[in-house]
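Notes to accompany the following structure.
Sequence lines set the chain letters: A, B, ... in the order given, protein chains first and strands last, and positions in each chain run from 1. Treat the numbers as computed from the prediction; the structure is a model and nothing was measured.
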Amino acid sequence: MFTAPEIDYLAFLPLIIVFAGGLVGCLVEGFAGRGQRYAIQLPLTVGTLVLALVALVTVSRDHTGITAAGALVTDDPALVIQGLVLALALTGVMVMGERLGGATPDAFTQAGVSIPGSQEEALATKLGATTTEIFPLTLLSVGGMMLFPAANDLMVMFIALEVLSLPLYVLCGLARRRRLLSQEASLKYFMLGSFSSAFFLFGAVLLYGYAGSMRLDVIADTVATGVGMEGLLAPGILLLSVGLLFKVGAVPFHAWTPDVYQGAPTPVTGFMAACTKVAAFGAMLRIFYVAVEGARLDWQPVLAAVAALSMVVGAVMSIQQTDIKRILAYSSIAHAGFILAGLIALEQTGASSTMFYLMAYGFMTIPAFALVTLVRTAGSEATHITQWSGLAQRSPWLAGAFAFLLLAFAGIPLTSGFTGKFAVFTAAVDGGYWWLAVVGVLASAVTAYIYFKLIMVMYFGDESVGTHVVRPSWLTTFAVVAGLAITLGLGVAPSPLLELAEGAATFLR
Amino acid sequence: MTDFPWMTTLLLVPAVGALVVALLPKGFGRVREVALAFSLVTLALTAVAASNFDIGTAGQLQLQETYSWIPQFGVSFALGMDGIALTMIVLSVILVPICLVAAWDDVPNEGRRQHGYFAWMLLLEAFMVGVFAATDVFLFYVFFEAMLVPVYFLIGRYGGKQRAAAATSFLLYSLLGGLVMLVAVIALYLQGPGGSDGFLLERLTGLEIGGTTEILLFLGFFLAFAIKAPMWPLHTWLPKAASEARPATSVMLVAVLDKVGTFGMIRFCLQLFPEASEWATPVVMVLAVISILFGALLAIGQTDMMRLIAYTSISHFGFIVLGIFAMTTVSQTGSTLYMVNHGFTTAALFLIAGMLIVRNGGSRHIPSYGGWQKVTPLIAGTLLVAGLSGLALPGLNAFVSEFMVIVGTFQRYPAFAVVGASAVILAALYILLWYKKLATGPAPELSAPVTDMSVREKVVVVPLIAAFLVLGFYPKPVIDALEPAVTTTLQTVGITDPAPTADLEGSDR
């Protein structure tokens with residue numbers, strides 16, 4: 001006998017709004033004329049995200065609980081992560097929509113399906129084809145990201161993982177310039193992403209074998225009572241972790257990050273770096289804090305090693321890079337390590353510091369990549385470090401903004417980066433992992449070298465290089481200014497948001 | 001008037017000044033005047049604040065202000081000063097306007113370069129006041145790290161040919177030390193009473209930590225301070241930085257910023273970790289004596305003027321550390337007085353050397369000089385006075401403090417005092433040899449005529465020489481402010497002077 005599960009739709013109103021917006025966007029692609037699509041898609045996407053955010057704050061907050069036959073959960077951490085994904089996606093979409101005076105979003109190709117350098121491509125360019133499918137793709141991906149940390153069931157989590165990943169694979173291949181690099185990045189991301197999904201699925205199956213259910217609360221109960229197929233638990237957790245660690249770009253599952261970050265259209269890189277990380281860490285929090293917390297002795301040392309490796313490898317590799325997007329990619333690996341150091345501390349400070357760091361990191365990453373899109377040479381982005389030489393003389397505002405973000409990446413006080421680092425390291429020391437904090441600060445010192453080298457190049461370098469800075473429209477300007485304001489705000493007066501993160505660190509199970 | 005928030009005001013005036021100067025319009029002709037006005041206002045306000053300071057109870061923190069800042073981390077925005085902090089703040093705010101005048105013609109008013117230099121100097125002043133006034137360990141750390149940014153730009157943007165490397169070296173050393181301290185700061189909080197004001201110095205003083213934990217915490221703090229101070233063998237960044245920076249920047253760096261290291265040893269290492277401090281004393285004393293001799297010997301062999309001054313500073317910092325860790329009232333009072341004296345002496349040496357360098361076509365190479373007392377008798381003469389102050393000639397400022405350090409150290413560690421005192425001979429060597437090579441001999445053949453000291457330069461030098469004489473003949477007011485604070489520190493450490501106490505200044509004690 002099948003009884004339909006009761007679903008609290010209001011709890012998932014934001015998610016529904018986002019998916020609906022994405023589907024409407026698909027219809028627009030099919031039915032609206034070529035010339036009108038951009039004018040429809042951008043407001044539609046922004047509107048959807050804003051509406052979802054409003055729904056989250058006003059409606060969902062009062063409908064927390066486990067619903068849909070235990071498959072979905074709306075609790076404070078899920079809402080915070082979802083809200084963060086929405087806010088970050090909003091700024092990310094602004095940067096994606098940037099046209100820089102052209103007729104089409106500037107970073108994206110007119111014809112994604114065409115072979116780079118082919119006649120089709122030339123024709124599409126000539127006809128002025130617009131790329132607007134990025135907007136519904138982004139919305140669908142955002143939907144997956146919101147579902148990811150709200151899943152109370154490994155199967156739903158897997159679906160969310162795929163929903164968030166597939167549009168990203170496509171988005172990565174749509175760069176307007178350096179098409180081959182972009183398509184290669186897309187393929188790489190797709191291949192490795194599929195592998196990692198398979199690992200995740202495998203882990204989920206093992207945990208099902210262990211607990212007899214995919215539901216996180218059942219797994220937690222089984223761990224607590226200890227009556228399960230003990231031999232399956234640890235491998236299950238570890239395989240599951242592989243899938244999640246891949247998404248956040250932690251060592252040793254980081255190899256895709258630099259190539260994909262470099263190849264993808266820069267606005268997509270920013271969006272991906274910020275939002276995917278938030279969503280994946282959200283899911284990780286749920287797995288480790290809810291489902292397998294009782295088996296912490298099995299996974300904590302492994303994750304601690306992963307955190308330490310991520311910090312060290314990310315830091316050491318970043319200092320050898322000469323491409324700004326790759327520098328930011330390796331730095332994102334190091335940052336994943338910092339976040340992990342907070343996450344594995346467990347306790348409440350672990351969850352709250354992780355969420356705070358995600359907030360801080362997201363809002364410095366998107367503007368950083370947005371600024372990268374503005375520095376051009378001969379029409380394409382100038383991402384080699386030498387091409388930024390002396391930028392401060394030509395464009396003091398851009399250099400100043402980027403330098404400030406770099407200070408935040410380096411974790412200098414009075415920026416959000418410092419507050420975030422302080423939060424995660426405090427959690428780590430508090431949780432008994434003081435050696436991880438020591439590794440973290442040493443890695444920070446190493447990464448500081450490359451950040452300050454970039455500042456040095458911009459401020460102290462000579463200016464005889466052929467790059468120029470294009471003037472952004474209000475879209476990018478908004479994203480950058482908002483990011484800077486939040487980065488400064490979280491550094492100077494982090495109290496309200498820390499309170500939010502601390503108050504929202506209790507999981508429903 | 002005592003309820004007026006003096007400390008915050010002293011912090012805000014230069015900070016606002018920095019902002020104003022940075023935002024002045026591009027072609028504005030009076031950037032320097034505006035900056036100087038702000039620094040003079042700060043000086044005047046400091047004088048008023050100091051008049052509200054009760055010297056009679058200089059051992060206690062006064063003019064205290066405490067506001068809750070980030071209660072989640074236990075952080076308060078807490079400022080206040082005892083005699084030592086007051087003296088250091090007074091030293092800083094006196095030196096800043098002098099340095100601004102000294103740097104008057106150093107930076108051309110093209111683009112925003114001049115805006116930048118003067119704005120960074122004012123921001124640095126704000127942070128310096130903050131770092132000496134902070135009575136919250138976290139707040140101290142914030143200023144300690146934030147200070148790096150203005151100094152980094154002052155060296156890296158406005159220095160000599162190797163400035164970028166010097167700035168990076170300075171930054172990485174300082175950041176590494178600071179980050180290690182960060183872990184100690186976190187761990188200290190977790191050792192303390194915790195809560196929303198758990199970082200307040202008064203709540204962390206007198207903790208019974210003990211054992212390995214205390215030693216590790218002590219080392220975390222001490223490493224950062226030893227790098228900043230700079231002590232052998234962690235000094236290597238200083239000669240580079242001091243020689244590449246503008247003379248005025250070097251003054252800020254060596255005369256004030258490095259004092260944060262020795263100040264921190266007294267305020268944090270001794271007060272917070274008395275047992276560990278005693279444990280570390282033998283090693284620290286040995287390192288201090290090595291610093292004294294090493295700095296002096298290298299100064300003798302130097303051919304670069306700025307480096308020479310930097311090495312003399314390493315030697316003098318050795319004396320300061322020696323006096324601090326000898327832990328007698330006399331030696332510590334001598335050390336704190338030494339911090340002031342060294343500030344003025346080094347400032348004079350750097351600035352006067354800078355005047356010569358400008359006149360000699362930018363050459364810092366000592367052998368390229370010779371006979372300059374015939375060309376510029378006034379400059380050569382004042383340099384000699386500053387040099388004599390540096391070698392601690394009786395009647396000039398440094399004599400009193402050096403004597404007190406040696407006498408105080410002798411009370412407890414005669415051997416160290418004897419070895420340290422031998423550096424007095426070396427000091428005579430490096431100063432007099434330098435002066436001989438530079439100023440005596442036949443008049444040099446100059447391609448262009450050179451003028452002696454200008455009015456502006458006299459404005460720079462006169463207050464410094466006046467300070468030499470006042471502090472040399474009548475140091476009592478300063479000692480009165482310092483001694484109670486030192487006594488308080490030693491009480492906290494729990495050490496009493498060895499009997500019989502040397503009777504230094506007659507029977508009035």
Item to check | Interchain contact, A/Thr419 with chain B, by part (heavy-atom threshold 4.5 Å) | outcome: both
Next on the checklist: Nearest 0.5 angstrom please: B/Gln72 CD to A/Leu500 CG, how far?
Outcome noted: 10.5 Å
Next on the checklist: Does any backbone or side-chain atom of B/Leu171 lie under 4.5 Å from a heavy atom of chain A? Answer side chain, backbone, both or neither.
Outcome noted: side chain
Item to check | Atom of A/Pro494, atom of B/Trp69 and distance for their closest heavy-atom approach | outcome: CD-NE1, 4.5 Å
Checklist entry - Roughly how far, to the nearest 0.5 Å, is the CG atom of A/Asp430 from the CG atom of B/Leu190? => result 5.0 Å
Checklist entry - Side chain, backbone, both or neither: which part of B/Leu172 has an atom under 4.5 Å from a heavy atom of chain A? => result side chain
Item to check | Under 4.5 Å from a heavy atom of chain B, the part of A/Glu499 involved | outcome: both
Item to check | Rounded distance (nearest 0.5 Å) linking atom CZ of B/Arg113 with atom CD of A/Gln393 | outcome: 7.0 Å
Checklist entry - Which bit of B/Val149 comes within less than 4.5 Å of chain A, counting heavy atoms only: side chain, backbone, both or neither? => result side chain
Checklist entry - Does any heavy atom of chain A fall under 4.5 Å from the side chain of B/Tyr152, the backbone, both, or neither of them? => result both
Checklist outcome for this item: Most contact-rich option vs chain B, by heavy-atom pairs under 4.5 angstrom, among A/Gly411, A/Ser444, A/Ala392, A/Ser495, is A/Ser495
Next on the checklist: A side-chain contact here means heavy atoms from C-beta on lying under 4.5 Å apart; do A/Phe425 and B/Val183 qualify?
Outcome noted: no
Item to check | A/Ala428 portion near chain B, given a 4.5 angstrom heavy-atom threshold | outcome: neither
Next on the checklist: As an exercise, state the distance from CZ of A/Phe422 to CG of B/Leu182, rounded to the nearest 0.5 Å.
Outcome noted: 6.5 Å
Checklist entry - Could you state the interatomic distance from CD (B/Glu145) to OG1 (A/Thr415), rounded to the nearest 0.5 Å? => result 10.5 Å
Checklist entry - By a 4.5 Å heavy-atom criterion (distance strictly below it), what part of A/Ile412 contacts chain B: side chain, backbone, both, or neither? => result side chain
Next on the checklist: Would you call the rings of B/Phe153 and A/Phe460 parallel, tilted or perpendicular, taking 30° and 60° as the class edges?
Outcome noted: perpendicular
Checklist entry - Are side-chain heavy atoms of B/Ile186 and A/Trp434 found at a separation under 4.5 Å? => result no
Next on the checklist: What's the separation between atom CZ in B/Phe73 and atom OG1 in A/Thr426, rounded to the nearest 0.5 Å?
Outcome noted: 6.0 Å
Next on the checklist: Assess the residue pair A/Phe418 and B/Phe138 against the criterion (ring pair (Phe, Tyr, Trp, His ring centres under 6.0 Å)); give the C-alpha distance rounded to whole Å, side-chain angles, the decisive distance to 0.1 Å, and a yes or no.
Outcome noted: CA-CA 12 Å; A/Phe418 171 69; B/Phe138 185 96; 5.7 Å; yes
Item to check | Contact summary for A/Pro413 and B/Tyr141, nearest pair of heavy atoms | outcome: CG-O, 4.4 Å
Next on the checklist: Does A/Trp397, at its CH2 atom, have more than 12 non-hydrogen atoms belonging to other residues, nucleotides or ligands within less than 6.0 Å?
Outcome noted: no
Item to check | Minimum heavy-atom distance A/Ala445-B/Leu179, with the two atoms named | outcome: N-CD1, 3.5 Å
Item to check | Evaluation steps, side chain to side chain contact (heavy atoms under 4.5 Å, CB included), between A/Val438 and B/Val180 | outcome: CA-CA 7 Å; A/Val438 173; B/Val180 171; over 6 Å; no
Checklist outcome for this item: Taking a cut-off of under 4.5 angstrom between non-hydrogen atoms, the residues of residues 118-133 of chain B near chain A are B/Phe127
